[in-house]
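Numbered from 1 within each chain, the chains take letters A, B, ... in sequence-line order. No hydrogens, no waters, no symmetry mates; every other heavy atom, side chains included, goes into these values.
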Number of protein chains: 2
Amino acid sequence: MSRQAPTLEDVAREAGVSRATVSRVVNGVRNVDPAIQESVRQAISRTGYAPNQAARSLVTRRTETVALVVSGAGDVSEEERNAFAARVVADPFFGRVVSGVVGQLRPRSMHPVLMFAETDEARQEVVTYLRQGSADGALVVSTHADDPLPALLAAAGLPAVLFARPARPVALSYVDLAHRDGGRLAAEHLLGRGCRRIVTVSGPLAVTASQERLAGFRDTMARHGHAYVPLVQGGFTVDSGVAAMTELLAEHPDVDGVFAANDLMAQGICQVLREHGRRVPHDVAVVGFDDSSVAVTCRPPLTTVRQPVEDMAAAMARLLAEHIGGVRTEPTSIIFDPELVVRESA
Amino acid sequence: MSRQAPTLEDVAREAGVSRATVSRVVNGVRNVDPAIQESVRQAISRTGYAPNQAARSLVTRRTETVALVVSGAGDVSEEERNAFAARVVADPFFGRVVSGVVGQLRPRSMHPVLMFAETDEARQEVVTYLRQGSADGALVVSTHADDPLPALLAAAGLPAVLFARPARPVALSYVDLAHRDGGRLAAEHLLGRGCRRIVTVSGPLAVTASQERLAGFRDTMARHGHAYVPLVQGGFTVDSGVAAMTELLAEHPDVDGVFAANDLMAQGICQVLREHGRRVPHDVAVVGFDDSSVAVTCRPPLTTVRQPVEDMAAAMARLLAEHIGGVRTEPTSIIFDPELVVRESA
DNA sequence: CTGAAAGCGCTAACAG
DNA sequence: CTGTTAGCGCTTTCAG
């Protein structure tokens with residue numbers, strides 16, 4: 001570490017060839033004599049050469065890095081900034097995104113840098129980061145429909161792919177789920193098993209996905225004569241599920257079915273139900289959404305609407321790689337279909 | 001986006017000064033006439049200039065990026081690689097690490113790139129990544145005592161800080177918890193509330209922290225005359241907690257106290273207990289470890305040994321920044337003290 | 001306090 | 001198939 005790192009020049013000298021030739025074998029460009037290739041390779045391991053990424057990026061204009069950003073909407077106090085990051089990462093949803101993204105990035109030798117953009121300043125930093133060429137593009141997951149980041153990215157002409165369709169049209173590719181169909185699936189299942197006094201806990205209505213899940217659910221209920229379904233808005237956390245169900249149970253003690261807009265809330269709902277002496281699914285059936293890890297962990301295991309997050313995240317990474325590589329120039333969208341997974345809660 | 005991005009040269013021309021001067025104001029180096037400074041600033045915003053990070057890194061030899069790597073030990077099949085990432089990120093522990101790290105990195109304008117090193121090949125890639133200068137240093141969290149990555153990093157003379165003391169001495173800084181004290185705290189609490197038929201579910205014994213927590217627990221139990229404490233080894237997951245407790249309950253139906261080496265397992269334990277008609281803490285008291293998010297979410301909320309993960313992660317980031325900056329040259333260690341958090345489970 | 005000039009290490013034409 | 005030659009955009013002595 002004390003000695004200066006060897007450069008192409010050093011390897012070239014060691015192998016008795018030119019820098020260009022060494023560069024070619026390092027980058028696997030053919031047109032290099034097998035014999036020379038071999039001697040270069042030996043010189044490389046003899047010198048312990050590792051190409052300097054900065055020098056390389058300077059000319060290729062690629063960093064092989066993408067920003068994985070979780071963006072909010074409004075501004076958040078300085079103190080809440082860490083809380084934002086903590087909350088995001090703690091959500092099993094995020095883990096699935098990372099898993100799907102990494103799976104696609106790795107074989108391409110690309111790496112994700114984590115960024116949280118919960119304030120306007122932080123969002124500006126993301127844009128700057130990309131404009132500086134610190135990353136080749138961005139994968140963005142918005143926690144709010146009004147997230148201004150997608151528009152900023154598009155305006156700057158930066159390669160980016162979104163998780164979920166932006167509320168306001170933006171010329172960026174995105175992947176999404178047919179949330180309405182998911183809501184429909186949940187309603188049909190609850191109705192199908194005979195529930196008649198059904199309530200629902202939606203996600204934050206500032207999130208488009210929440211609205212859509214709810215709309216699909218309500219439409220289906222209405223089609224079956226259920227004009228009115230009691231609703232409480234939750235925040236996609238276990239706690240909010242607990243609070244929402246506590247409220248709903250007080251007003252509708254005879255409830256026999258619940259649709260929760262995500263599994264975390266469904267878990268909180270099951271807890272409240274149990275604590276109030278209701279058996280799940282015997283007395284009250286509960287359907288969640290996502291099919292995240294807690295769906296399996298929860299007691300009872302959750303019947304839920306599966307959202308193939310890993311596949312969606314993988315698709316995002318693939319699309320971004322295509323945009324970066326220039327293979328794809330026009331924005332496109334990929335919509336995934338939800339699927340009902342029946343376990344024990346309903 | 002179509003037009004070439006402006007360079008220092010462009011700004012210099014626009015402001016009628018030299019590149020050097022522009023560079024100085026961009027980097028906030030004083031010794032620049034206020035008037036000129038102002039005109040340069042205007043030229044910058046007029047041109048929409050953003051410094052090229054690659055060019056900058058090439059000369060400063062800094063990327064303002066650090067690798068945040070989660071490393072395992074043995075090799076894992078190709079198919080399990082994504083599962084590894086998924087499992088890691090899904091664990092609330094990881095979220096706390098990220099939160100603590102980001103909190104320190106952000107004010108330093110540094111960014112974490114996520115890497116999973118569960119195979120020898122992946123570990124080699126981490127080393128290469130750093131040697132290429134793609135990141136200035138590494139923050140490593142090992143999931144196994146035999147993790148070879150720390151030694152590789154040290155041998156390559158790369159700046160790195162570890163979460164937890166490495167099993168085999170390595171000249172690298174690390175932060176850790178006084179795990180033994182944590183185990184002692186748990187034992188004392190269980191004993192103090194009158195439990196006499198106590199069992200324990202440890203973490204994987206291949207993890208040093210698990211061994212230490214267990215040792216501290218057993219020592220204290222022994223000091224109080226409990227020569228033998230039934231033990232089942234778990235895997236730090238809810239499922240493993242369920243399995244372990246099912247086994248223990250079958251052999252020791254009269255159990256009245258359980259120490260779980262982490263909260264996730266404690267949650268599984270509570271589920272099993274409840275399903276077998278045992279009240280927590282009335283019939284059986286349960287003490288967890290970590291004080292992670294599930295400790296609060298769990299029913300009943302867990303009495304647990306708090307590990308200040310966010311603070312520990314923040315300390316890691318701080319140490320790494322010092323090593324990178326050359327402010328600190330010798331490896332050091334920071335040991336945090338655990339703390340008992342009493343809630344309802346014991 | 002400012003400018004000129006020398007690279008940082010690598011890739012990519014372009015010759016040969 | 002290989003070598004020569006330009007830069008990529010920026011920081012940083014070193015003069016002035």
Nearest of [options] to any side-chain atom of [X]?
X: A:L58; options: C:dC10, D:dG9, D:dT12; answer: D:dG9
X: A:N27; options: C:dC8, C:dT11, C:dC10; answer: C:dT11
X: B:V59; options: D:dT2, C:dT2, D:dT11; answer: D:dT11
X: B:R24; options: D:dT13, C:dA13, D:dC10; answer: D:dT13
X: B:L8; options: C:dG9, C:dA4, D:dC10; answer: D:dC10

- line: A:R13 atom CZ is separated from D:dG3 atom C1', nearest whole Å, by 16 Å
- prompt: To the nearest Å, how far apart are B:D10 CG and D:dC8 P?
  reply: 11 Å
query: When you match A:V17 and B:P51 each to their closest nucleotide on DNA chain D, which lands nearer the 5' end?
result: A:V17
- prompt: Do B:T47 and B:D10 have a side chain donor and acceptor closer than 3.5 Å?
  reply: no
query: Can you find a side-chain donor-acceptor pair between A:D136 and A:T63 that sits under 3.5 Å?
result: yes
task: Mind checking B:V26 for me? I need base, sugar-phosphate or nothing, with any heavy atom below 4.0 Å counting as a touch.
output: nothing
Compare side-chain N and O positions of [X] against OP1 and OP2 of [N] and report whether any pair is under 4.0 Å apart.
X: A:S18; N: D:dG3; answer: yes
X: A:T60; N: C:dT11; answer: no
X: A:T21; N: D:dG3; answer: yes
X: B:R61; N: C:dG9; answer: yes
X: A:N52; N: C:dC8; answer: no

- request: Answer yes when B:E118 and A:R106 have at least one side-chain N-carboxylate O distance shorter than 4.0 Å, and no when they do not.
  value: yes
Heavy-atom closest pair, residues B:Y129 and B:A135: CE2-CB, 3.8 Å
message: Base of D:dT4, side chain of A:R19 - is there a donor-acceptor contact under 3.5 Å?
response: no
message: Under 6.0 Å between ring centres: does that hold for A:F93 and A:F163?
response: yes
